[in-house]
Amino acid sequence: MKKYKVGVIGATGMVGQRFLLLLQNHPQFEVVCLAASASSAGKSYKNAVKKWHLNGAMPEKFAGMTVLDAVADREKISSAVDFCFCAVNMNKDEIRELEYSYAKLECPIVSNNSAHRNTPDVPMVIPEINPEHLEVIEAQKKRLGTKRGFIAVKSNCSLQSYVPLLHPLKKFGIKRAAVTTYQAISGAGKTFETMPEILDNIIPYIGGEEEKSEQEPLKIWGKVEGGKILPATEPKITAQCLRVPVSDGHTAACFVSFENKPAKEEIIKLWNVFEGEPQKLALPSAPKKFIHYFDGDDRPQPKLDRDTENGMAVCAGRLRGDAVFDYKFIGLSHNTLRGAAGGAVLLAELLAAKGYFD
């Protein structure tokens, strides 16, 4: 297995911390650069991190590494790595320009950010669902004038809790879907300590989240044509997104109707056997079984099931008929693993397997 030198841009934040936990013993990716804001630059990683948010301890191998300036040290970082993960806390215009600048320095970027999700020649990939979208990278490199620099992104974290469950059912002609997501506070980069207002409470609004939940699946289900990804026009999806007092794990209550209604048993069978490129290629971070269906009426639950297959599987349950739609069901995914850093690592593994970093 070929080894790659990797940088993590935005290493001090919650998602950056998750990247380092995932990469500390990765068989293919060696972290050689950590980057963050100018206020963290020049400090050791352990001194730059204001608070370690995760349950696992800060990896000792990174604690003494000197943090670089993500903006000022771009050329130094780009020359030292084969590619970078990016998970920065900046406004979208700044992120867009930062990621472009790395790509133009011939440093591929695998982004956890949303800034380029709507860029037509930037692939937004759930590796099990739309790996064919990676082919648009060649058109992106022509536009940027690069030989190996490009940007690839993962989708919004909430999508992982229901889009993978809808995807195998598209063969029946999904007419419409409705979803309400119950999203963990780590999706906002928060803990119960830093978000006390969530205790005994639900916040019924997450800025921009409903638009992403309705529109991003259409890009994922779109097709590559003329060097761009043309989003699908169907199915119509309506979404509501709530912030709930859960540490990790986004839950979705999903409702769906079909052109050709399948039997319940047929849906469950499709979920149980569904696999994608990561499973066929046996990528290091890929769950052996992508979708896990629970028969019990009280599952899946974030506390019990978010860590299924190291947090990289998608869980489903309570599939049943509905009085308005054909079916309704519950989905669950770990938002900082499958939905964020883990999904980006899996995307990078797919890019490596397809030769995009070479």
Side-chain angles (χ1 to χ4, degrees), residues 3-26 29-116 122 144 146 148-154 186-191 193-194 336 340-345 347-348 357:
K3 308 283 187 177
Y4 296 89
K5 293 180 179 179
V6 178
V8 178
I9 304 168
T12 56
M14 183 179 282
V15 175
Q17 293 174 21
R18 181 67 76 181
F19 270 122
L20 296 187
L21 279 182
L22 292 172
L23 295 170
Q24 61 178 324
N25 298 310
H26 196 279
F29 302 150
E30 178 191 1
V31 177
V32 297
C33 285
L34 303 179
S37 65
S39 63
S40 297
K43 299 177 183 177
S44 67
Y45 184 67
K46 66 180 177 182
N47 289 331
V49 173
K50 294 175 183 173
K51 182 175 175 55
W52 184 258
H53 294 290
L54 306 179
N55 289 331
M58 179 186 292
E60 191 61 35
K61 66 191 295 184
F62 303 128
M65 286 181 68
T66 300
V67 177
L68 300 176
D69 187 321
V71 176
D73 293 325
R74 281 174 289 193
E75 292 189 10
K76 180 178 181 180
I77 295 165
S78 297
S79 64
V81 302
D82 294 305
F83 72 94
C84 281
F85 292 107
C86 187
V88 293
N89 183 17
M90 303 162 67
N91 71 50
K92 281 192 179 184
D93 288 340
E94 291 173 333
I95 294 171
R96 195 175 290 114
E97 291 309 311
L98 181 72
E99 293 181 343
Y100 270 143
S101 69
Y102 274 91
K104 289 176 180 178
L105 287 167
E106 302 293 358
C107 176
I109 290 291
V110 180
S111 179
N112 189 73
N113 304 302
S114 64
H116 278 290
V122 171
L144 297 177
T146 59
R148 61 183 303 277
F150 64 87
I151 302 162
V153 302
K154 52 156 289 298
S186 55
K190 301 290 187 179
T191 64
E193 183 181 351
T194 59
T336 69
V345 171
L347 172 54
F357 298 139

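Heavy-atom basis, side chains included; hydrogens, waters and symmetry copies ignored.
Partners of S40 by side-chain hydrogen bond (donor to acceptor under 3.5 Å, both in side chains), not counting sequence neighbours: none found.
No side-chain heavy atom of V31 sits less than 4.5 Å from a side-chain heavy atom of K61. Between E99 and C86, some side-chain heavy-atom pair lies under the 4.5 Å cut-off. Contact check for F85 versus V345: side-chain heavy atoms found under the 4.5 Å cut-off.
S78 places a side-chain N or O within 3.5 Å of a backbone atom of R74 that can act as its donor or acceptor partner. Using a distance-only test at 3.5 Å, with no hydrogens or angles considered, a donor-acceptor pair links the side chain of N113 to the main chain of V88. The closest donor-acceptor contact from the side chain of Q17 to the backbone of T12 lies under 3.5 Å. Between the R96 side chain and the A115 main chain, a donor and an acceptor come within less than 3.5 Å of each other. Checking side-chain atoms of N91 against main-chain N and O of E94 turns up a donor-acceptor pair under 3.5 Å. Side chain of R148 to main chain of F357: a donor-acceptor pair is present (N/O by atom type, distance under 3.5 Å, no hydrogens or angles).
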- Message: Determine whether I77 and C107 satisfy the following criterion, side-chain contact (heavy atoms from CB on, under 4.5 Å), listing intermediate values before the conclusion.
- Response: CA-CA 9 Å; I77 295 165; C107 176; 5.7 Å; no
V6 and V81: CA distance, side-chain angles, deciding distance, side-chain contact (heavy atoms from CB on, under 4.5 Å) verdict:
CA-CA 5 Å; V6 178; V81 302; 5.9 Å; no
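Between L20 atom CG and Y45 atom OH the span is 4.5 Å, to the nearest 0.5 Å. Atom-to-atom distance recorded for L54:CG and T336:OG1 is 6.5 Å, nearest 0.5 angstrom. Atom SG of C33 sits about 9.0 Å away from atom CG of D73, to the nearest 0.5 Å. Interatomic distance, S79 OG to E106 CD, rounded to the nearest 0.5 Å: 12.5 Å.
Sequence neighbours left out, not one pair with a member in residues 3-20 passes salt bridge (Lys or Arg N to Asp or Glu O under 4.0 Å).
Nearest heavy atom pair, residue P59 against residue W52, reads CD-CH2, 3.8 Å.
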